[in-house]
Amino acid sequence: MGANAPIHHLWSLRRGLLRECSPICTDSAGELDTDKVEQMNFDDHPFMMHTLLDRDHYEPISRYAPKADYLDIVRKRLVSGWKLVVDGFWTHCTPEDYRAISHGWKIHVSSTTKDARAILEIVSEVLEQSGTAFKFCSDPWLLRLTFNKNASRVQAGKFVTIYPRDAGDMRSLLDALHRRTRSFTGPYVLTDKPYRDSNVIFYRYGEHVGEFRLNRYGNKESGFRLADGSWHSDSRAPGFRLPPGITDPFGVEEDEEGPGEDGVLLKDRYRVTAALKFNAIGGVYEAIDQLTGDEVVIREERGGMSILDLNAQDDSDAIMKEARIVKRLSETGYVPRFVDVFKEWKNWFLVTEKVDGESLWGHSMNFYFEREGKPPGEAFSELREIMIGIATGLSAVHRAGVVLRDVTRNNVLVTRDGGIKFIDFEFSHEIDDEGPWVHGWTPGYAAADQISNKTPVPADDHYAFGVLLLDMLTYSAPGFELNRQGLYEKLRQNIEELKFPPGLYDIVAGLTASDPGERWNLEDAADALNALPVPSMTESMFHVGTKLQAFAPPAESLRESLDGLLQGIGAYIEHSTVQDRDDRMWPTAAEAFVTNPVNLQHGAAGPVIFLQRARGRVGPTCLDWIERRANVKTCPPGLLSGLAGVAVVLVEAGRTERAEDLMAASHALESIHDAPGLFYGSAGWGLACLHLWLSTDAPIHLERAIEVGDRLIETSIRTPEGVCWRTESDILLGLGEGQSGVALFLSYLGKAAGDQRYLQYASDALDFEIAHSIESGGELLWQPRVDARPGEAKSPHTWFGASGVGSACLRHYRATGEERFLRIAERCAHTAGASRFTNKMWQVEGIAGFGEFMLDMHQLLGEENYRNAAFHLAEALIPHRIERKNGVAFAGSDHYRICCDFGRGSAGIGIFLQRLFAGGPRLLMLDHLLEAGPYQQVERAAVTGTHAGDELVVV
């Protein structure tokens with residue numbers, strides 16, 4: 001970059017061009033093999049580190065026991081008067097007289113793994129002399145993990161954090177450290193400013209021992225209070241930011257303003273127009289080649305981040321290898337055309353043509369959702385053409401002397417004319433290259449030989465192709481290694497459901513054979529695909545219409561299988577109970593470790609309520625465990641995320657007094673009203689108040705629910721479509737966080753309080769929700785928010801889709817008698833019950849939620865076909881079971897690990913199955929309120945007032 005380059009351009013290169021699994025790898029003795037783990041590509045998995053310590057379960061990295069490589073260096077230097085505490089990722093070093101401050105200046109030292117020991121020697125010597133507290137990344141494996149493409153962008157390469165006492169202390173330390181580290185180069189720390197011309201020393205202002213606030217999901221947001229008492233959020237987003245009243249002691253050396261409306265111009269040629277994604281090692285962007293006018297895609301690799309190949313001798317090795325492979329494969333026609341490769345500032349950029357197409361994942365999803373009236377023969381022929389195209393493309397790549405080694409649903413593009421393009425060549429290997437290859441893979445798609453780092457061969461891609469075919473038909477490839485036999489069974493079930501030829505199963509099984517000697521090759525697979533008979537049926541492969549199809553009563557064999565599944569879930573949860581930990585009592589989603597261990601969605605409340613309902617009992621020590629950890633400091637007030645949900649569970653378990661205490665404590669929190677929704681906002685907290693009112697008959701709980709209802713009316717927004725509520729800057733849709741969830745609470749409140757206002761506002765909220773539905777193939781679908789971005793999901797699920805909206809409409813119909821809401825509920829039931837063709841199994845997303853809605857329809861309307869539909873849906877759960885010696889479990893939302901929670905785990909599935917057999921009310925619902933008395937229809941024109949909710953706006 002020339003000396004006269006625009007300042008905002010330098011900001012862009014430093015901060016990011018635009019603002020913004022696999023079983024554990026072990027050695028033969030069963031110990032953690034860190035060399036295998038560090039190069040796993042988790043495909044944007046946000047909790048990658050939580051999958052590294054256990055084959056079956058998520059575990060926080062704090063349970064990892066670091067090696068002493070770095071600790072030994074520091075111990076030799078910090079001889080006396082220092083306290084050293086190893087705490088998972090970080091090791092903390094504090095001098096004897098250390099007195100922590102809430103916030104102040106911080107120094108970060110970045111490092112590559114190659115230089116880490118030398119840098120730590122220097123840093124510990126300087127800090128020992130000054131008596132300054134610091135912490136360092138605990139061992140080499142953990143530091144290497146920060147360079148993984150799916151690690152935190154702002155954590156990448158951040159090796160040491162130093163806590164100066166004040167600005168003067170910071171100046172002297174920066175100077176001393178800079179003088180002794182001039183020869184080193186490390187990754188740029190995205191949150192900081194570099195000190196002078198240093199490549200490893202950076203500084204920022206932030207928390208030392210700060211406070212935190214809980215957002216509505218229960219995540220801790222770090223920050224501190226300024227001198228005037230105001231709260232300042234300590235954002236770790238890219239960019240150097242200072243709190244109000246704090247000035248940079250070194251002055252403003254550069255304009256920190258980001259790129260303007262014209263974006264960023266790279267190499268005086270490529271104008272960046274959009275960011276496709278960011279990760280720790282860089283980003284992927286769309287741009288216009290101003291020389292040719294063509295649209296291009298640019299992949300960025302940040303300086304100092306080229307460690308996919310740990311044998312790399314130069315920063316450019318990895319991206320130059322990719323460029324070489326793209327050029328080599330260009331003549332095959334199966335990769336984007338090479339355009340350019342260049343370095344600007346400290347970052348490298350590879351430019352290729354932009355392919356007019358979509359990922360195989362998106363194409364396969366559209367194949368399912370755009371299914372109106374398509375017969376099996378036509379659908380199969382379309383899908384087979386894509387499959388054969390991939391096999392043909394891989395064969396061409398292999399003939400050109402390259403093994404791709406990362407053939408995944410996101411790395412295969414389907415062009416508009418049905419062609420195939422492969423992208424992302426970080427793991428690829430040139431067969432005639434005798435040098436080392438990159439040790440890397442994506443969980444689920446990699447054969448054992450690739451995981452164990454054997455010489456790359458085409459058979460690696462044959463295996464990945466087989467998993468890709470499985471994924472096109474089950475959408476479950478990430479869980480293939482955790483539940484291999486189950487997903488084979490799921491494949492059989494889906495092939496039968498789609499009315500496709502059963503020989504597809506043999507092809508997938510042949511390509512994914514564990515023994516490379518028995519594995520099918522691409523020619524055999526293509527021949528077998530071509531030989532498959534095209535289904536002759538002329539009717540649609542899916543039920544077409546707007547009403548739920550007729551289902552036969554469940555066979556006795558299905559009942560027995562599902563009952564066995566229910567008993568197995570109970571056995572696994574009972575045998576998995578651990579009460580000597582503070583962070584979890586049962587295997588759970590990784591989110592529990594960054595929220596709280598007791599909440600209903602991810603925490604202990606889910607398994608507890610399952611055991612209470614399915615076993616009729618739960619051990620008192622389990623309830624004690626929850627009570628000790630449920631408090632306003634660590635838990636938000638929300639229904640799924642915090643105290644309201646815990647209170648409902650404790651009420652059902654007979655601990656009403658403690659539930660009342662939790663609700664009383666959370667009532668004092670203004671954060672109750674941070675969001676309006678059911679799962680995490682005020683509507684859910686109000687619903688918990690109604691639960692306590694019905695349990696105790698104490699008027700205070702109804703009064704609090706009415707308080708919430710009145711606040712919702714006051715803050716509502718009236719539009720031509722009805723009324724709605726904002727959540728921060730968005731107007732969300734659906735039961736979980738949108739208008740249906742608020743309407744559900746208001747429907748119950750209207751019956752409990754005998755107040756027609758709440759019922760009318762519920763009607764208006766549902767009208768708004770219905771007005772934002774999307775019709776597709778006779779189905780009703782919703783996106784997560786008004787004005788959703790193109791490509792955002794259209795969902796049938798409970799959270800923001802048809803099964804959730806339908807549940808609210810059904811109950812409002814029972815509360816009011818308004819037939820139009822029954823009609824919508826019936827349309828939603830058709831959508832949710834029309835097919836089992838989903839990879840989601842859980843309560844908030846997937847089959848358990850669909851099944852609960854079918855049981856709602858049966859319970860409130862009395863039609864047996866809905867219960868039959870629930871059994872039909874439940875049958876699709878059976879292949880996803882994971883059998884262990886202590887029972888049966890299910891994988892969580894990403895399919896990488898077993899989870900026992902309510903939201904996306906075994907407890908929620910078990911609660912659905914228990915209700916399927918035993919009947920009874922749906923968890924969290926208060927349907928007996930719906931029969932409380934007649935509702936007199938109120939004309940909309942009669943609903944008037946002077947509160948803020950009457951403002952007319954157009955959304």
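We count residues from 1, following the sequence as given.
Outside the 6.0 Å centre-distance limit, the rings of His103 and Trp231 are not counted as a close aromatic pair. Taking the six-membered ring for Trp and the full ring otherwise, Trp361 and Tyr475 have centroids separated by under 6.0 Å. A distance of 6.0 Å or more separates the ring centres of Phe480 and Tyr445.
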Using the side chain to side chain donor-acceptor pair (under 3.5 Å) rule, take Asp406 and Thr442 through it: C-alpha gap first, then chi angles, then the decisive distance, then the call.
CA-CA 7 Å; Asp406 201 16; Thr442 297; 2.7 Å; yes

Is there a side chain to side chain contact (heavy atoms under 4.5 Å, CB included) between Leu913 and Leu877? Walk through the geometry before answering.
CA-CA 10 Å; Leu913 293 175; Leu877 294 168; 4.3 Å; yes

Residue pair Leu640, Tyr680: steps toward the side chain to side chain contact (heavy atoms under 4.5 Å, CB included) verdict
CA-CA 6 Å; Leu640 260 62; Tyr680 310 107; 4.1 Å; yes

Let's go through Glu481 and Ile451 carefully: what are the C-alpha distance in whole Å and the side-chain angles of both, what is the deciding distance for side chain to side chain contact (heavy atoms under 4.5 Å, CB included) to 0.1 Å, and is it a yes or a no?
CA-CA 12 Å; Glu481 292 169 11; Ile451 294 173; 3.8 Å; yes

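Looking only at side-chain heavy atoms (C-beta outward), Leu744 and Ser807 stay at 4.5 Å or farther from each other. Side-chain atoms of Trp685 and Met663, non-hydrogen and from C-beta on, do get closer than 4.5 Å to each other. By the 4.5 Å heavy-atom criterion applied to side chains, Trp842 and Ile909 are counted as neighbours. At a threshold of 4.5 Å between non-hydrogen side-chain atoms, the residues Ser476 and His880 count as touching.
Sparse packing is recorded around CZ of Arg789, with 12 or fewer heavy atoms of other residues, nucleotides or ligands lying under 6.0 Å away.
Using the six-membered ring where Trp is involved, His797 and Phe850 have ring planes that are parallel, under 30° apart on the 30 and 60° scheme. Aromatic ring pairs are classed by plane angle as parallel below 30°, tilted from 30° to 60° and perpendicular above 60°; the pair Phe593 and His50 is parallel.
Under the rule for a side chain to side chain donor-acceptor pair (under 3.5 Å), Ser641 has no partner lying at least two apart in sequence or in another chain.
Under 3.5 Å, the side chains of Glu852 and Thr798 contain no donor-acceptor pair of N or O atoms. Inspection of the Asn631 and Thr634 side chains reveals an N or O donor paired with an N or O acceptor under 3.5 Å.
The distance from the CH2 atom of Trp586 to the OG atom of Ser906 is 12.5 Å, given to the nearest 0.5 Å. Atom CG in Leu732 sits 10.5 Å away from atom CZ in Arg726 (nearest 0.5 Å).
The two atoms that bring Pro636 and Asn215 nearest to each other are CB-O, 3.7 Å, heavy atoms only.
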